[in-house]
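Throughout, a chain's letter reflects where its sequence line sits, starting with A, and its residues are numbered from 1.
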There are 2 protein chains.
Amino acid sequence: MSKSSLELTPVETVACCSPLTKEPLSGEQAERIAPLLKALADPVRLRLLSLVASHSDSEACVCDLNDAFDLSQPTISHHLKVLHEVGLLDRAKRGVWVYYSVRREALADLGALIGGVAS
Amino acid sequence: MSKSSLELTPVETVACCSPLTKEPLSGEQAERIAPLLKALADPVRLRLLSLVASHSDSEACVCDLNDAFDLSQPTISHHLKVLHEVGLLDRAKRGVWVYYSVRREALADLGALIGGVAS
DNA sequence: TCCTGACATAGACGAGCATCGATATTGACG
DNA sequence: CGTCAATATCGATGCTCGTCTATGTCAGGA
């Protein structure tokens, strides 16, 4: 169930919109952006994202991430899947291990959309 | 500003944190930021915010906002309350009308936190 | 080949949330 | 005072979401 070429991840549609404060969002635009923010709007996922992002080589093994929380392994797996599905995290399997990395331009676009900075 | 955190709105605690990608968020920081994003993570609230923000004098009357959606008046009122409670919207009552305005520095801080731009 | 360890999926349960209709509150005005 | 109009609050309802346990999948080593 990798990404289909027909469907853009939510994150890929964000760059199309001017900042929130520039002009009113259309209903359709809002419907596309909300899932992205919804993916971010959870304390566990926020920490996961920032943990991955601040890892030395911008890549983190799931095994490390599991240990950082007091939650079950399936729960962490679920959160990582959510972040991956909206396009905020990339996923790479090497042997038995899976590594996630942050799509920084996606975060930058989203930040610009909210903060009003030109991208 | 340290953490004797009394009753700051969520938005007022965001400026304390370095960008997501700089260093791992603490559990406590994540718990404070998540409600803010949760407030934004709804298509109706996104449109409300951008409607208010792009109004000519950065202020919008509830009566105008109601008409922009196909939702009941209590629902719009509820969404505005959510945005106000987290500190993204300011509220001013003049006569019978209520005007909401965007706290731009709040949005800017949040954008910087996500996008990684220094604030 | 079988076992073990890393990670994902499935299904269930409880809490939270978006929405509604009904009702309360508040201010203006006759 | 009484009424109307703008907005908020309340209580109910159905759906979404975060978490769990149990189980599946897949790669590597003895």
Side-chain angles (χ1 to χ4, degrees), chain A residues 1-3 10 25 27 30-49 51-52 55 59-86 88-101, chain B residues 10 25 27 30-49 51-52 55 59-101:
Chain A
M1 72 162 155
S2 39
K3 178 176 56 172
L25 239 45
E31 297 278 355
R32 278 202 304 263
I33 300 172
L36 242 177
L37 289 163
K38 206 164 279 189
L40 264 185
D42 178 277
V44 175
R45 290 197 285 267
L46 269 178
R47 290 185 63 198
L48 277 171
L49 200 79
L51 266 176
V52 173
H55 237 246
E59 224 184 24
C61 174
V62 175
C63 52
D64 296 331
L65 299 174
N66 273 321
D67 297 344
F69 296 84
D70 203 22
L71 293 168
S72 70
Q73 173 264 319
T75 297
I76 300 298
S77 184
H78 162 71
H79 286 307
L80 289 169
K81 183 183 180 184
V82 170
L83 288 170
H84 174 59
E85 282 177 344
V86 298
L88 287 173
L89 285 185
D90 271 335
R91 188 175 181 278
K93 185 165 188 176
R94 282 202 291 276
V96 187
W97 294 277
V98 172
Y99 297 82
Y100 283 94
S101 54
Chain B
L25 239 46
E31 297 278 354
R32 278 201 303 264
I33 300 172
L36 242 178
L37 290 163
K38 206 164 279 189
L40 265 185
D42 178 277
V44 175
R45 289 197 287 267
L46 269 177
R47 289 185 63 196
L48 277 171
L49 200 79
L51 266 176
V52 173
H55 237 245
E59 222 184 25
C61 174
V62 175
C63 51
D64 296 330
L65 300 174
N66 272 323
D67 296 344
F69 296 83
D70 203 21
L71 293 169
S72 70
Q73 175 265 321
T75 297
I76 300 298
S77 183
H78 161 71
H79 285 307
L80 289 170
K81 183 184 182 185
V82 170
L83 288 170
H84 173 59
E85 281 177 343
V86 299
L88 288 172
L89 285 185
D90 271 335
R91 188 177 182 279
K93 185 166 189 176
R94 284 202 292 275
V96 188
W97 295 276
V98 173
Y99 296 84
Y100 284 94
S101 55

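- Comparing C:dA6, C:dC20, C:dC7 against the side chain of A:Val62 picks out C:dC7 as the nearest.
- Protein atom NZ of A:Lys93 is 7 Å distant from nucleotide atom C1' of C:dC7, rounded to whole Å.
- What separates CG of A:Leu46 from C1' of D:dG18 is a distance of 15 Å, to the nearest Å.
- Of the two residues near DNA chain D, A:Leu71 and B:Asp64, the one whose nearest nucleotide lies more 5' is B:Asp64.
- Across A:Tyr100 and A:Val98, no two heavy atoms sit closer than the pair CE1-CG1, 3.7 Å.
- Atom CZ in A:Phe69 sits about 15 Å away from atom P in C:dC7, given to the nearest Å.
- When heavy atoms are screened at a 4.0 angstrom cut-off, A:His79 is found touching the sugar-phosphate backbone but no base atom.
- Within the nucleic acid shown, B:Arg94 has no heavy atom closer than 4.0 Å to any nucleic acid atom.
- Between A:Tyr99 atom OH and C:dA6 atom P the separation is 12 Å, expressed in whole Å.
- DNA chain D is contacted by both A:Pro74 and A:Arg45; A:Arg45 maps to the nucleotide lying nearer its 5′ end (nearest heavy atom per residue).
- If you take CG of A:Asp42 and P of D:dT16, they are 18 Å apart, rounded to a whole angstrom.
- In terms of phosphate contacts, A:Ser77 brings no side-chain nitrogen or oxygen within less than 4.0 Å of OP1 or OP2 of C:dC7.
- Counting only heavy atoms from C-beta on, A:Arg91 has its side chain closest to C:dC7 among C:dC7, C:dT9, D:dA8.
- Listed pair B:Lys81 / D:dT9 meets the phosphate criterion, a side-chain N or O lying under 4.0 Å from OP1 or OP2.
- Using a 4.5 Å cut-off on side-chain heavy atoms (C-beta onward), A:His55 and A:Asp64 make contact.
- Spacing between atom CD of B:Glu31 and atom P of C:dG16 amounts to 13 Å, rounded to whole angstrom units.
- For C:dA8, its base sits under 3.5 Å from the side chain of A:Gln73 at one donor and acceptor pair at least.
- One finds a side-chain N or O of A:Thr75 lying less than 4.0 angstrom from the OP1 or OP2 phosphate oxygen of D:dC20.
- The shortest distance between the side-chain N/O atoms of A:His78 and the OP1/OP2 oxygens of C:dA8 is not below 4.0 Å.
- The two residues A:Ala68 and A:Leu51 have their closest heavy-atom pair at CB-CD1, 3.7 Å.
- Counting to the nearest Å, the P atom of D:dC15 and the NZ atom of A:Lys38 are 15 Å from each other.
- What you find for B:Leu46 and B:Leu40 is that their closest heavy atoms are CG-O, 3.3 Å.
- As rounded to whole Å, 17 Å separates atom C1' of C:dA8 from atom CH2 of A:Trp97.
- Of all the heavy atoms in A:Ala39 and A:Leu83, the pair that sits closest is O-CD2, 3.9 Å.
- In terms of phosphate contacts, A:Tyr100 brings a side-chain nitrogen or oxygen within less than 4.0 Å of OP1 or OP2 of C:dA8.
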